[in-house]
Amino acid sequence: MPAHQADYWKGRVVLITGAGSGIGQATALEFARAGAQLVLLGRKEAPLAETAALVEELGAPKALVISGCDVSNNDDMGSALKKVESAFGRLDAAFNNAGVAQKAPAATAELDATEWNRVLDINLRGVFLSMKHELPLLEKTGGGAIVNTASCAGKVGFAGYAAYCASKFGVIGLTKTAALDYAQKKIFINAICPGPVETPLIEEFTGHQKAVMDAILQTVPERSVAKPAQIASMVFQMCAPWNSYMTGAAVSVDGGQTAGYAG
Ligand code: NAD
């Protein structure tokens, strides 16, 4: 962090959805190290409380925990942002990261239509509703940053994962459009596109099968699975005040997975 920006996050408010585990938790810790006031949002109380305790251990202000909140529910997201406004009166950055894996691979015609709705509701509608309620407060604050979590599966197809891929391609389209809508309001809106990351979600994705994980690794030129902190550090950079000209971008952090054919 440039020395003159060292105190930038102190007194600034950062909201993270899906903050109880994986990439969301790691990103909360990254902002906590910079002294930000965190808002940790998700469905279950216990994992969010765990993140809140870690945030406090790092010396950041006590986080506002908003549990029982489903990102795909318009009323839940509306009341969450009202809580943020009444607690702090501002919002400086939002990381719209909550998401789910498709339960099982299925060729497109075999994919259950209810599963399609579940994945699209959380992964795409959830990002839309998050932004819908965050943007007015960001605007009132005078600007800020949004990072939405897409995926390498938002840039290339993955056989058997139509719902997951469609949701993540959708997140990128939504991000670019919102970036255009708010480009003159100093709200910088970008997507991050992780490759495989060591979190509960990828365990669900692979069905805990080592052979499936090994097959995924063969598609990563760098040949490793990322730690959540490796994604979190990029999200932090993307929200940084010196990142003041990038908007509408879909940034790959994927060990080269979508760079091309590695042979
Ligand atoms: P994770 O399962 O640890 O985190 C997902 C979080 O979202 C969980 O805390 C979960 O409780 C929360 N969540 C799920 N549905 C929700 C809802 N309806 N409302 C509120 N919260 C909800 O897994 P992760 O890998 O850290 O996933 C974070 C994001 O990263 C997801 O959007 C995922 O699609 C994306 N991603 C993950 C990988 C990977 O390999 N792990 C790769 C690319 C993208």
Side-chain angles (χ1 to χ4, degrees), residues 15-30 39-52 65-77 79-81 94-103 117-130 133 147-156 158 161 163-172 174-175 191-208 212-213 215-217 219-220 222 224-232 234-235 250-255 257-258:
L15 181 153
I16 299 178
T17 73
S21 58
I23 298 167
Q25 182 179 79
T27 305
L29 303 189
E30 193 76 33
V39 179
L40 307 172
L41 184 151
R43 287 175 304 185
K44 295 180 200 134
E45 169 73 34
L48 294 170
E50 183 194 301
T51 304
V65 170
I66 304 180
S67 59
C69 184
D70 178 348
V71 291
S72 67
N73 183 299
N74 190 29
D75 292 342
D76 282 6
M77 287 312 295
S79 75
L81 268 294
F95 180 36
N96 297 320
N97 157 78
V100 287
Q102 195 183 304
K103 276 184 185 144
N117 283 351
R118 186 186 74 91
V119 174
L120 269 287
D121 270 359
I122 297 173
N123 291 2
L124 182 54
R125 179 180 156 85
V127 172
F128 161 65
L129 291 176
S130 299
H133 294 289
V147 175
N148 296 321
T149 305
S151 170
C152 54
K155 292 199 165 177
V156 296
F158 275 78
Y161 288 94
Y164 189 77
C165 282
S167 71
K168 296 301 188 179
F169 270 78
V171 168
I172 293 176
L174 173 60
T175 300
I192 189 156
C193 303
V197 188
E198 219 176 273
T199 70
L201 184 137
I202 201 156
E203 294 292 332
E204 203 183 325
F205 207 86
T206 59
H208 303 269
V212 181
M213 196 62 239
I216 291 176
L217 270 182
T219 69
V220 182
E222 201 265 347
S224 74
V225 177
K227 302 278 183 213
Q230 289 175 278
I231 309 302
M234 181 56 80
V235 176
V251 177
S252 294
V253 186
D254 65 1
Q257 196 179 32
T258 53

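Note that ligands are numbered from 1 as they come in the structure, with each ligand's atoms numbered from 1 the same way.
- The protein atom (non-hydrogen) at minimum distance from atom 18 (N) of ligand 1 is D70 OD1, 2.8 Å.
- In terms of polar-atom proximity, defined here as any N/O pair under 3.5 Å, G42 makes no such contact with ligand 1.
- Residue V197 has at least one nitrogen or oxygen atom sitting less than 3.5 Å from a nitrogen or oxygen atom of ligand 1, judged on distance alone.
- Looking at S21 next to ligand 1, an N or O pair under 3.5 Å apart turns up.
- If you look at P228 next to ligand 1, there are no close heavy atoms at all, none under 4.0 Å.
- Looking from atom 28 (C) of ligand 1 to the surrounding protein, the closest heavy atom is N97 OD1, 3.1 Å.
- The shortest contact between atom 5 (C) of ligand 1 and any protein heavy atom is with G99 O, 3.6 Å.
- Contacts between E198 and ligand 1 below 4.0 angstrom, taking non-hydrogen atoms only, are absent altogether.
- Here A153 has no heavy atoms under 4.0 Å from ligand 1, in either its backbone or its side chain.
- Here the protein heavy atom with the shortest distance to atom 10 (C) of ligand 1 is R43 NH2, 4.2 Å.
- The protein non-hydrogen atom at the shortest distance from atom 23 (O) of ligand 1 is L201 CB, 3.1 Å.
- When hydrogens are left out, the protein atom nearest atom 36 (N) of ligand 1 is Y164 OH, 3.6 Å; that is the closest non-hydrogen contact.
- The distance criterion of under 3.5 Å between nitrogen or oxygen atoms is met by K168 with respect to ligand 1.
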